[in-house]
Amino acid sequence: MSTTRVAVIGAEGRMGATVCRAVEEADDLELVARLDVGDELGDLGGADVVVEFSVPDASPGNVAHCVALGVHVVVGTTGWTEERLATLRDQLEEAPGVGVLVAPNFAVGAVLMMAFARQAARFYESVEVVELHHPDKVDAPSGTAARTADLVGAAREDAGLGPVPDATTHDPDGARGARVHGIPVHSVRLRGLVAHQEVLLGGPGEMLTIRHDSFDRVSFMSGVLHAVREVSSRPGLTVGLEHVLGLEG
């Protein structure tokens, strides 16, 4: 059995440290470099694949370094806007054969939650997203919530649905949350939480709640390792773990 050499950028962070342990425990993977703030990326320890869990400001530069070296990348850092993704696509055109997978969430249950929400969105007049995380998280809304709202908003448009009903005309403090693709998104930051999200869909006389809870960061590891094993077979840019799980439709 061949072994894939893996480097982790952001190895001292909570997610990065968990990834390092998961890679070390996998029989078909070898951890060849732990990299964090202040470290020279250099040749990335001769890695075949890099797992990148840093911070939004550093992530594009880290990924560009990997692509320039011809190394595949699995990216879990949030903050990848459409503009940043477009720049990355241009970089990948200059590196044929290199694959980069960017995913807002690596928990299989969270990916299923997003897929279920997209399917349900066309049947309900109202929909809102509530995401709940620990207070050390630096961005809001979460990448998962933004991705969910984008998928739901697109599904509603395809189904010919109009804006979600909301008679609010006075909200000086933003109590109604952010709007992503027309969908209200609410962020909770509370000590004791890890990563949680629910999608609330409402119609006359009923409500459907689709919820996912990650109680430990180990919940993300099966998705991360699956992405590490698959990214080399997907040249170019892939956004979303659903594409390597067969959940695109």
Side-chain angles (χ1 to χ4, degrees), residues 1-80 84-85 87-108 136-139 143 195 214 216-241 243-245:
M1 179 175 60
S2 62
T3 300
T4 300
R5 296 167 296 177
V6 180
V8 177
I9 297 178
E12 299 303 315
R14 292 179 294 269
M15 279 296 295
T18 307
V19 172
C20 288
R21 288 193 295 271
V23 169
E24 288 177 324
E25 292 170 1
D27 293 337
D28 60 334
L29 305 177
E30 178 188 0
L31 183 65
V32 296
R34 300 170 184 256
L35 301 163
D36 211 283
V37 178
D39 294 333
E40 291 291 334
L41 298 183
D43 67 353
L44 303 165
D48 303 307
V49 178
V50 166
V51 179
E52 207 274 350
F53 274 98
S54 61
V55 295
D57 287 345
S59 188
N62 291 338
V63 175
H65 181 88
C66 298
V67 170
L69 290 180
V71 178
H72 308 292
V73 196
V74 172
V75 185
T77 308
T78 56
W80 279 87
R84 287 183 171 185
L85 291 172
T87 299
L88 177 55
R89 287 188 183 95
D90 291 341
Q91 293 165 349
L92 285 166
E93 287 184 0
E94 303 300 319
V98 176
V100 177
L101 187 150
V102 178
N105 200 309
F106 285 94
V108 173
D136 300 318
K137 186 172 179 58
V138 298
D139 59 321
S214 284
D216 190 288
R217 289 174 181 84
V218 71
S219 65
F220 306 113
M221 293 305 104
S222 63
V224 170
L225 297 187
H226 187 68
V228 167
R229 294 174 178 126
E230 294 292 326
V231 66
S232 63
S233 66
R234 302 185 67 92
L237 177 63
T238 300
V239 180
L241 188 65
H243 299 292
V244 297
L245 295 177

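In this text, all values refer to a predicted model and were calculated from it rather than measured experimentally. Worth knowing before you read on, the calculation uses all heavy atoms, side chains too, and leaves out hydrogens, waters and symmetry mates.
- Residues satisfying the side chain to side chain contact (heavy atoms under 4.5 Å, CB included) test with Ala17, not counting sequence neighbours, are Arg21.
- Evaluation of the ring-ring contact (aromatic ring centres under 6.0 Å, His included) test over residues 5-24, restricted to residues two or more places apart or in two chains, returns none.
- In terms of the ring pair (Phe, Tyr, Trp, His ring centres under 6.0 Å) criterion, Phe220 has no residue partners (sequence neighbours excluded).
- Checked against side chain to side chain donor-acceptor pair (under 3.5 Å), Thr77 has the following partners two or more places apart in sequence or in another chain: Glu52.
- Every residue was checked against the salt bridge (Lys or Arg N to Asp or Glu O under 4.0 Å) condition with Asp216, not counting sequence neighbours, and none meets it.
- Each side chain to side chain donor-acceptor pair (under 3.5 Å) pair with one or both residues in residues 31-44, not counting sequence neighbours, appears once here: Glu24-Arg34.
- For the pair Thr78 and Pro56, the minimum side-chain heavy-atom distance is below 4.5 Å.
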Atom pairs and distances, side-chain donor-acceptor, residues 100-108, under 3.5 Å, sequence neighbours left out:
residue : atom : partner : partner atom : Å
Asn105  : OD1  : Ala107  : N            : 2.8
Asn105  : ND2  : Thr144  : OG1          : 3.0

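- For Arg89, the salt bridge (Lys or Arg N to Asp or Glu O under 4.0 Å) test picks out no residue, with sequence neighbours left out.
- Formation of a donor-acceptor pair under 3.5 Å by the His65 side chain with backbone atoms of Gly42 is found in this model.
- Listed by first then second residue, pairs satisfying ring-ring contact (aromatic ring centres under 6.0 Å, His included) with a partner in residues 5-52 number zero, not counting sequence neighbours.
- Looking at His72, its side chain does come within 3.5 Å of a backbone N or O of Gly99 through a donor-acceptor pair.
- The shortest side-chain heavy-atom distance between Val75 and Ser59 falls under the 4.5 Å cut-off.
- In terms of the side chain to side chain donor-acceptor pair (under 3.5 Å) criterion, Asp90 has no residue partners (sequence neighbours excluded).
- Here Asp57 pairs with Arg84 under the side chain to side chain contact (heavy atoms under 4.5 Å, CB included) rule; sequence neighbours left out.
- Considering only heavy atoms from C-beta on, Val6 stays 4.5 Å or farther from Asp48 through its side chain.
- Judged by distance alone, the side chain of Ser233 and the main-chain N or O of Glu230 form a donor-acceptor pair under 3.5 Å.
- When the side chain to side chain contact (heavy atoms under 4.5 Å, CB included) test is applied to Ala58, the partners found at least two apart in sequence or on another chain are Ser54, Val55, Asn62.
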